[in-house]
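Single-structure report; data block below.
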Protein chains: 2
Amino acid sequence: MQRMEKTVKAGGFATARVATARVATIKDVASLARVSIKTVSRVVNKEANVQDQTRQRVLEAVAELNYQPNTAARGLSGKRSYCLGLLYENARESGYFKDVLNGALRTSAAEGYGLLLRPFTLPSESLAADVRQFVLQTRVDGILLTAPLSDYTDVTAVLDELHIPYVQMTPRNSRPGVPNILCNDAEASCAVTEYVMSLGHQRIGFIKGHPEHRAAVERLAGYRLALQKAQLKYEPSLVRPGYFDFESGKKAARALLRLTSPPTAIIASNDDMAAGVVYEAHELGLAIPGQLSVVGFDDTPTASHIWPPLTTVRQPIDAMAAQAIWLLTKTIRGQQLPEVTQPFECQLVLRASTAARGTYQAVEEN
Amino acid sequence: MQRMEKTVKAGGFATARVATARVATIKDVASLARVSIKTVSRVVNKEANVQDQTRQRVLEAVAELNYQPNTAARGLSGKRSYCLGLLYENARESGYFKDVLNGALRTSAAEGYGLLLRPFTLPSESLAADVRQFVLQTRVDGILLTAPLSDYTDVTAVLDELHIPYVQMTPRNSRPGVPNILCNDAEASCAVTEYVMSLGHQRIGFIKGHPEHRAAVERLAGYRLALQKAQLKYEPSLVRPGYFDFESGKKAARALLRLTSPPTAIIASNDDMAAGVVYEAHELGLAIPGQLSVVGFDDTPTASHIWPPLTTVRQPIDAMAAQAIWLLTKTIRGQQLPEVTQPFECQLVLRASTAARGTYQAVEEN
DNA sequence: GGAGAATCTGACAACGTTGTCATTGAACCA
DNA sequence: TGGTTCAATGACAACGTTGTCAGATTCTCC
């Protein structure tokens with residue numbers, strides 16, 4: 001395939017040299033198939049009145065060149081946008097995904113951009129290929145990569161190769177020039193662990209998050225740091241694997257609570273798993289926070305809707321997504337980015353699922 | 001503003017006559033401001049080197065004509081799409097909004113359309129105006145209207161006026177020609193009420209949903225129908241208002257449980273409110289399902305994550321959204337729609353929050 | 001065999017912007 | 001005073017597709 005060198009003027013500061021792989025147009029297909037562009041158009045749009053043999057030749061050329069019709073040209077000519085609108089009520093209820101969505105939509109609209117969503121079901125064999133396909137097909141100008149997609153190096157490799165700007169929402173340090181938005185996960189995790197210790201707990205269980213999420217790694221690090229600062233021994237049996245979902249939280253809780261010397265508090269790396277802990281405690285007839293304190297992460301709606309409501313850590317997800325999009329649009333326009341991005345501050349949300357060890361327990365045991 | 005008559009050939013069946021209000025182009029602005037189109041482009045794109053006086057004239061013309069740059073033309077000429085991509089992990093966890101999103105994204109991608117999201121915070125003074133703005137700006141080819149937006153007549157009036165195809169996801173009967181996707185809310189509500197009665201409950205509380213959601217009306221109707229069929233008297237004091245959110249569920253539960261003769265079962269019009277009921281019962285020290293059975297609606301993640309997990313009614317939201325988009329694309333292509341759309345079937349999900357009145361209670365009181 | 005219809009194909013003009021380059025004045029400098 | 005620079009503006013050619021219409025070929029029917 002041909003290559004084109006293009007010089008991009010970057011707002012006063014740098015001058016970037018971008019090599020863009022020229023994508024095939026209808027003309028390329030037409031000349032390869034030795035027909036007119038109109039005939040290609042007919043085939044692509046499944047119109048009638050094309051000979052089978054001709055159609056075949058065109059389809060082969062389309063496949064060979066990996067031709068994707070240009071939506072803008074189509075829209076301009078055909079007076080259609082090839083886009084549908086989905087209108088919905090923006091409920092007060094939040095949640096990680098919805099917060100990201102809100103922040104991203106608000107900011108991209110303000111900056112004059114539309115926002116196309118693309119979900120990926122993990123694990124996936126074809127992740128990188130699917131990402132490439134998405135970019136090529138939609139021709140988006142930039143990409144916001146949320147966790148844990150931001151943590152897959154083959155995904156970022158594809159984006160780098162396609163020379164498409166992107167921003168990561170993850171604590172992982174990326175290569176210089178690619179901004180990433182993060183909050184002080186480790187610090188917050190350390191703080192919440194210290195809070196639990198301040199309530200008198202010594203044996204504190206910890207349920208890890210999905211090992212492919214960088215944030216999960218950070219949260220565990222914060223927990224370990226707090227133990228270390230308090231000169232408490234890190235006990236591997238008190239740390240169980242988890243995958244950020246309710247079921248794995250339940251399972252980990254069961255294992256922890258069956259220990260000969262079970263923890264008096266459990267910190268889960270997110271609210272869904274913490275809800276699993278609470279569920280399991282109910283099943284076992286353990287009083288929360290009387291006999292067991294529980295802490296979550298993220299402050300999802302679930303955190304405040306279960307009983308007792310969870311002590312948890314809130315991240316300013318909406319604001320983080322907003323900043324991510326803002327950085328992305330700046331990058332696209334070739335503007336200089338602020339060198340260092342401050343991590344966002346997490347916030348400790350105290351609710352009824354944690355209490356001092358002993359005190360409360362005595363009351364309950366009346 | 002000029003008007004244009006356009007004849008649309010509708011796939012073999014009907015021929016629709018569509019009057020489209022011609023939108024202003026850069027040329028219109030240029031001639032009104034007595035400048036070249038390039039100057040208009042400069043002003044609109046905030047480029048340098050335009051005299052203040054000229055800029056002012058252009059801006060006035062832009063405002064007067066309500067000019068919105070055509071994204072397709074921009075994209076074609078400027079080699080940009082003015083669209084960003086948001087990639088995210090499609091977690092297994094569902095929820096109303098995410099299910100709608102999944103179904104809609106999957107189907108629109110399959111039909112060759114992009115999907116632009118637009119949240120609305122209700123209540124809103126400017127709802128109809130905002131909808132109009134969205135359509136004019138994005139130039140989407142069609143719209144999927146989810147509840148409760150689908151229940152506002154001023155919104156549908158705007159869409160009708162703009163002659164833009166849309167599909168409603170709501171039980172409300174719309175005017176013929178505008179398809180609406182629905183499920184048998186009333187029937188399901190009746191069935192779940194009958195199930196609760198079959199457990200021996202006679203005094204069954206009901207928490208209504210948001211009065212502006214048509215589905216809320218349907219669910220109440222189903223409850224009343226079940227009572228009637230069982231020849232039980234409808235008792236207004238057992239029916240409390242609610243707004244589909246956790247807090248209103250809690251509040252309604254408090255009122256119901258304070259009655260001199262409180263209900264032995266409560267049916268809430270959605271899971272969030274049912275979670276509020278469960279929360280309140282915990283606070284009051286009432287055993288569920290020993291002393292109170294609770295039923296929700298929707299089978300959100302919350303339903304299975306709280307303790308005890310909720311008996312609830314599951315709607316095939318994903319499939320409904322998928323069908324909605326499918327119908328929408330058929331409408332856009334001017335194809336004949338199936339005359340009658342069957343309501344989707346809801347499914348009763350039995351969990352631990354409901355039990356026979358008496359039996360269980362006796363066990364608990366050992 | 002010939003007229004007319006049906007099928008297949010291509011030339012060319014939109015579509016509404018932005019990029020490039022030329023032109024016009026005005027301001028500046030030697 | 002006569003260049004030189006710079007700001008302000010416009011003319012015009014892309015961009016990649018679809019719609020329109022006309023031409024070429026094949027088929028159908030008398």
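Because the structure is predicted, anything quoted here is derived from the model rather than measured. Below, read A as the first sequence line, B as the second, and so on, with proteins coming before strands; counting in each chain starts at 1.
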Fill in the blank from the handout: Closest of C/dG10, C/dT18, D/dT9 to the A/Thr39 side chain is C/dG10

Exercise for the section: Counting heavy atoms from C-beta on, name the nucleotide in C/dG16, C/dA11, D/dG16 closest to the side chain of B/Thr25. Expected result: C/dG16

Handout entry: Of the listed nucleotides C/dA11, C/dT17, D/dT9, the one nearest the side chain of B/Val50
Key = D/dT9

Practice task
Using atom CG of B/Leu76 as one end and atom P of D/dA14 as the other, report the distance to the nearest whole Å.
Solution key: 13 Å

Problem - A/Arg42 (side chain) and D/dG19 (base): donor-acceptor pair under 3.5 Å - result: no

Problem - Rounded distance in Å - CD (A/Gln53) to P (D/dT25) - result: 15 Å

Problem - Spacing of A/Ile26 atom CD1 relative to D/dC15 atom P, expressed in whole Å - result: 14 Å

Problem - Nearest-nucleotide pick for A/Ile37, side chain only, options being C/dC12, C/dT9, C/dT18 - result: C/dC12

Practice task
Carefully, step by step, assess B/Phe97 and A/Tyr88 under the rule ring-ring contact (aromatic ring centres under 6.0 Å, His included).
Solution key: CA-CA 8 Å; B/Phe97 175 69; A/Tyr88 63 98; 4.4 Å; yes

Exercise for the section: State whether the distance check finds a donor on one side and an acceptor on the other, under 3.5 Å, for side chain B/Lys38 versus base C/dG19. Expected result: yes

Practice task
Would you mind telling me which of A/Ile164, A/Val140, A/Asp141 makes a side chain to side chain contact (heavy atoms under 4.5 Å, CB included) with A/Ile332?
Solution key: A/Asp141

Practice task
Mind checking A/Thr71 for me? I need base, sugar-phosphate or nothing, with any heavy atom below 4.0 Å counting as a touch.
Solution key: nothing

Exercise for the section: Find the distance B/Lys27:NZ to C/dT17:C1' and express it as a whole number of Å. Expected result: 10 Å

Exercise for the section: Verify the contact: side-chain N or O of A/Tyr67 to OP1 or OP2 of D/dT17, cut-off strictly under 4.0 Å; return yes or no. Expected result: yes

Exercise for the section: Tell me which of A/Ala73 and B/Val40 sits closer to the 5' end of DNA chain C, going by the nucleotide each one is nearest to. Expected result: A/Ala73

Practice task
State plainly whether the residues A/Arg132 and A/Glu161 are in salt-bridge range, i.e. N to O under 4.0 Å.
Solution key: yes

Exercise for the section: Would you mind telling me which residue lines up with the more 5' stretch of DNA chain D, A/Gln51 or A/Ser77, judged by nearest nucleotide? Expected result: A/Ser77

Practice task
Could you tell me the separation between the CG atom of A/Asn70 and the C1' atom of C/dC15, rounded to a whole number of Å?
Solution key: 13 Å

Handout entry: Side chain to side chain, A/Gln168 and A/Thr156, heavy atoms closer than 4.5 Å
Key = yes

Practice task
Provide, to the nearest angstrom, the distance between the CZ atom belonging to A/Arg80 and the C1' atom belonging to D/dG19.
Solution key: 13 Å

Fill in the blank from the handout: From CG of A/Asn49 across to P of D/dA22 the rounded distance in Å is 17 Å

Exercise for the section: Go through the steps for B/Val43 and B/Leu59 under the test side-chain contact (heavy atoms from CB on, under 4.5 Å), then give the verdict. Expected result: CA-CA 8 Å; B/Val43 172; B/Leu59 286 177; 3.7 Å; yes

Problem - A/Ser41 side-chain N/O to D/dT18 phosphate OP1/OP2 under 4.0 Å - result: yes

Handout entry: Whole-Å gap separating C1' (D/dG16) and CG (A/Asp28)
Key = 11 Å

